[in-house]
Amino acid sequence: MIRGVFSVRMWAPVGFLTSLAYCVHQRRAVRAEPRRAENQHSVDRSQLELKMVQVVFRHGARSPLKPLPQEEQQAEWNLQLLEVPPQTQFDYTVTNLTGGPKSHFDSFDSQYRETKLKGGMFAGQLTNVGMQQMFALGERLRKNYVEDIPFLSPTFNPMEVFVRSTNIYRNLESTRCLLAGLFQCQKEGPIIIHADEASSEVLYPNYQNCRSLRERTRGRRQAASLQPGISEDLQKVKEGMCITSNDGVDFLSLFDNMAAEQVHNLLSCPTLQRFARMIERRAVDTVLYVMQREDRESLQMAVGPLLHILESNLLKVVDPATPADKTRKLYLYAAHDMTLMPLLITLGIFDHKWPPFAVDLTMELYQHRQSKEWFVQLYYRGEEQVPKGCPDRLCPLDKFLNTISVYTLSPEKYHTLCSQVQVMELGNGE
């Protein structure tokens with residue numbers, strides 16, 4: 001481990017101040033802190049002004065990433081599932097993070113197209129069910145931030161909205177559908193979706209290109225299937241499906257097929273339905289074993305760079321020196337289930353359920369009109385959450401920053417860490 005890489009920062013209170021202007025407003029903050037301690041549970045919400053919203057979401061429903069080994073147990077993935085609902089059509093352009101041209105998709109897309117499913121679809125393709133899910137999520141955001149609160153313009157405005165996605169086609173198309181629902185296919189300027197190269201992508205745990213993270217998790221997925229409880233349950237399900245023990249099927253592949261079939265009402269294997277709850281629970285157990293949720297360094301490498309992005313967006317808004325054209329009202333990040341799980345863990349709000357298709361984690365930033373204090377409000381699946389280290393659902397910004405600072409990694413520290421070879425200890429599933 002690199003000395004200093006995993007040091008924890010502590011944020012000063014952000015009452016009458018911004019985190020970046022602490023020294024200027026320090027005296028006022030000291031006076032404000034006792035008052036906030038007394039009234040932190042009785043904030044007058046009518047005095048709160050919404051300043052920014054950040055949404056990290058999973059793509060919509062798709063076909064499985066890998067079919068089950070026996071064809072008679074595979075669902076029929078008909079090409080009609082690819083028909084685009086008219087209301088979701090919305091033109092967009094994909095660029096790199098600096099606005100330059102983007103000519104090809106992530107290497108994952110090439111891998112998916114090598115797997116053709118029964119019925120004609122490829123693995124991992126967004127379906128019209130997924131498109132409708134994302135459109136519905138966009139409509140919910142429209143109700144929250146256009147209709148109920150006049151925060152966003154009713155039409156897409158590139159000066160208000162920043163959009164980033166992994167460079168995987170189902171995510172780009174999911175983002176299109178969300179924007180179509182949010183802005184009802186109306187726009188005042190071009191829709192730009194920013195995407196990074198696979199080699200430096202941080203919107204998912206980058207096991208392929210983060211060498212240190214790959215070394216830490218090497219062999220853990222296979223080892224997870226051998227753990228007491230998981231092993232016996234896996235054998236029970238495989239026997240019910242007449243699957244041999246050496247075919248590479250684990251709870252992750254079983255759950256992936258089951259979840260995709262359920263949301264499309266494609267019931268191909270009664271055994272999957274009979275053991276549905278067990279399969280989801282053991283799939284989650286498998287991921288937690290692979291990630292080693294108590295291993296802070298692995299969580300940092302998995303989502304630390306994304307947390308740094310979210311943190312930086314917060315700090316830009318609270319810094320009075322930030323030019324108006326350097327911030328946006330809404331930040332959208334199209335990610336994956338394997339992004340959201342460690343993200344929820346670091347925030348202390350993981351419910352031990354697999355993040356479903358089209359799920360969203362929404363972060364709102366408020367400022368009190370009178371006291372000028374800053375607060376963060378989190379929602380997962382549309383429901384209010386209390387992040388770890390926060391006294392209430394409405395969390396003082398400094399406490400929220402302290403929570404995520406444990407896991408946040410700057411790009412420099414992340415790239416330095418990823419280039420290191422970890423000396424693994426015995427007993428970690430390697």
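Both backbone and side-chain heavy atoms feed into the values below; hydrogens, waters and symmetry mates do not.
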Point to revise | Whether over 12 other heavy atoms sit under 6.0 Å from Glu72 CD | key: yes
Exercise for review: Salt-bridge test for Asp256 and Arg62: reply yes if a basic N is under 4.0 Å from a carboxylate O, no otherwise.
Suggested key: yes
Review point. Is there a donor-acceptor pair closer than 3.5 Å between any side-chain N or O of Gln367 and the backbone N or O of Lys372?
Key: yes
Point to revise | Rounded distance [0.5 Å steps], CG in Leu417 versus OG in Ser419 | key: 7.5 Å
Review point. Counting heavy atoms not belonging to Arg113, are there more than 12 under 6.0 Å from its CZ?
Key: no
Check your understanding: Can you list the steps and then say if Trp77 with Leu266 is a side-chain contact (heavy atoms from CB on, under 4.5 Å)?
Key -> CA-CA 9 Å; Trp77 292 95; Leu266 300 175; 3.9 Å; yes
Review point. Short question: side chain of Gln227, backbone of Ala223 - any donor-acceptor pair under 3.5 Å?
Key: yes
Check your understanding: From His308 NE2 over to Ile404 CD1, what is the distance, rounded to the nearest 0.5 angstrom?
Key -> 10.5 Å
Study note, to complete from the structure: Between Thr88 and Met131, the two heavy atoms sitting closest are CG2-O, 4.0 Å
Exercise for review: First locate atom OG1 of Thr155, then atom CD of Gln186, and finally report the distance between them rounded to the nearest 0.5 Å.
Suggested key: 7.5 Å
Point to revise | Heavy-atom neighbours of Arg369 CZ exceed 12 at 6.0 Å | key: yes
Check your understanding: Should the heavy atoms of other residues, nucleotides or ligands under 6.0 Å from NZ of Lys66 be counted, would the total exceed 12?
Key -> no
Exercise for review: Check for a donor-acceptor pair, side chain of Glu147 on one end and backbone N or O of Asn144 on the other, with a separation under 3.5 Å.
Suggested key: no
Check your understanding: Is the shortest heavy-atom distance from the side chain of Leu272 to the side chain of Leu68 under 4.5 Å?
Key -> yes
Check your understanding: Step by step, would you call Val94 with Leu172 a side-chain contact (heavy atoms from CB on, under 4.5 Å)?
Key -> CA-CA 8 Å; Val94 182; Leu172 295 169; 4.0 Å; yes
Review point. Can you tell if the side chain of Arg393 reaches within under 4.5 Å of the side chain of Val386, non-hydrogen atoms only?
Key: yes
Check your understanding: Are a donor atom and an acceptor atom from the side chains of Thr286 and Arg221 found within less than 3.5 Å of each other?
Key -> no
Point to revise | Backbone N/O of Ala335 and side chain of Asn171: donor-acceptor pair under 3.5 Å | key: yes
Point to revise | Donor-acceptor contact below 3.5 Å, side chain Lys399 vs main chain Pro391 | key: no
Check your understanding: With a 3.5 Å cut-off and no angle check, do the side chains of Ser253 and Asp250 form a donor-acceptor pair?
Key -> yes
Check your understanding: When you look at CD of Gln222, are more than 12 heavy atoms from neighbouring residues, nucleotides or ligands closer to it than 6.0 Å?
Key -> no
Review point. Do Tyr366 and Arg45 come close enough that some side-chain heavy atom pair is under 4.5 Å?
Key: no
Exercise for review: Determine, step by step, whether Phe108 and Tyr204 satisfy the ring-ring contact (aromatic ring centres under 6.0 Å, His included) criterion, reporting the C-alpha distance in whole Å, the side-chain angles of both residues, the deciding distance to 0.1 Å, and the verdict.
Suggested key: CA-CA 12 Å; Phe108 285 116; Tyr204 51 69; 5.8 Å; yes
**Study point:** Heavy-atom pair with the smallest gap, counting every atom of Pro356 and Tyr380
**Key:** CD-OH, 4.1 Å
Review point. Using 30° and 60° as the class limits, which term best fits the ring planes of Tyr331 and Tyr333: parallel, tilted or perpendicular?
Key: parallel
Revision key, fill the gap. Output for pair (Arg170 CZ, Thr127 OG1), nearest 0.5 Å, gives 11.5 Å
Review point. With side chains defined as the heavy atoms from C-beta onward, is the minimum distance between Asp196 and Val202 less than 4.5 Å?
Key: no
Review point. Just wondering, are more than 12 heavy atoms of other shown residues or ligands nearer than 6.0 Å to CG in Asp91?
Key: no
Check your understanding: Given the rule in the salt bridge (charged side-chain N to carboxylate O under 4.0 Å, His left out) test, do Arg176 and Glu173 qualify, once you have shown the distances and angles that lead to the verdict?
Key -> CA-CA 5 Å; Arg176 166 182 63 81; Glu173 288 291 275; 2.9 Å; yes
Review point. Hey, are Glu160 and Ser153 close enough side-chain-wise for a donor-acceptor pair under 3.5 Å?
Key: yes
Check your understanding: What distance do Leu213 atom CG and Glu297 atom CD have between them, rounded to the nearest 0.5 Å?
Key -> 11.5 Å
Study note, to complete from the structure: Taking every heavy atom of Lys388 against every heavy atom of Gly348, the minimum-distance pair comes out as CB-CA, 4.0 Å
Check your understanding: Is any NZ, NE, NH1 or NH2 atom of the basic residue among Arg142 and Glu139 found under 4.0 Å from an Asp or Glu carboxylate oxygen of the other?
Key -> no
Review point. Is the side chain of Thr322 donor-acceptor paired with the backbone N or O of Val317 at a distance under 3.5 Å, no angle test?
Key: no
**Study point:** Met121 vs Leu81 side-chain heavy atoms within contact, under 4.5 Å
**Key:** yes
Review point. Between the main-chain N or O of Gly189 and the side-chain N or O of Asn157, is there a donor-acceptor pair closer than 3.5 Å?
Key: no
Study note, to complete from the structure: Closest non-hydrogen contact found for Ala61 with Val129 is CB-CG1, 4.2 Å
Check your understanding: Is the shortest side-chain N to carboxylate O distance from Glu201 to Arg164 below 4.0 Å?
Key -> yes
**Study point:** N/O donor-acceptor pair under 3.5 Å between Gln87 side chain and Gln184 backbone
**Key:** no
Review point. Between Phe251 and Met278, is any pair of side-chain heavy atoms under 4.5 Å apart?
Key: yes
Exercise for review: Decide yes or no on side-chain contact (heavy atoms from CB on, under 4.5 Å) for Trp354 and Val287, but give the supporting numbers first.
Suggested key: CA-CA 10 Å; Trp354 199 278; Val287 171; 3.6 Å; yes
Check your understanding: Shortest non-hydrogen contact from Ile230 to Ser225?
Key -> CG2-CA, 4.0 Å
**Study point:** SB check Asp319 Lys316 (cutoff 4.0 Å)
**Key:** no
Practice item. Take Met291 and Ile345 through the test side-chain contact (heavy atoms from CB on, under 4.5 Å) and record every step on the way to the result. Key: CA-CA 11 Å; Met291 291 192 309; Ile345 290 172; 3.5 Å; yes
Practice item. Flag the pair Gln133 / Arg58 as yes when at least one side-chain heavy-atom distance between them is below 4.5 Å, and no otherwise. Key: no
Check your understanding: Is a side-chain N or O of Thr339 found less than 3.5 angstrom from the main chain of Leu203, in a donor-acceptor match?
Key -> yes
**Study point:** Flag side-chain contact, heavy atom, 4.5 Å: Gln125 against Ser63
**Key:** yes
Review point. Just by distance, do the side chain of Arg220 and the backbone of Val290 share a donor-acceptor pair under 3.5 Å?
Key: yes
Exercise for review: With rounding to the nearest 0.5 Å, note down the distance linking NZ in Lys329 to CE in Met159.
Suggested key: 11.5 Å
Exercise for review: Return the minimal non-hydrogen interatomic distance between Arg328 and Val161, and the atom names on each side.
Suggested key: CD-N, 3.8 Å
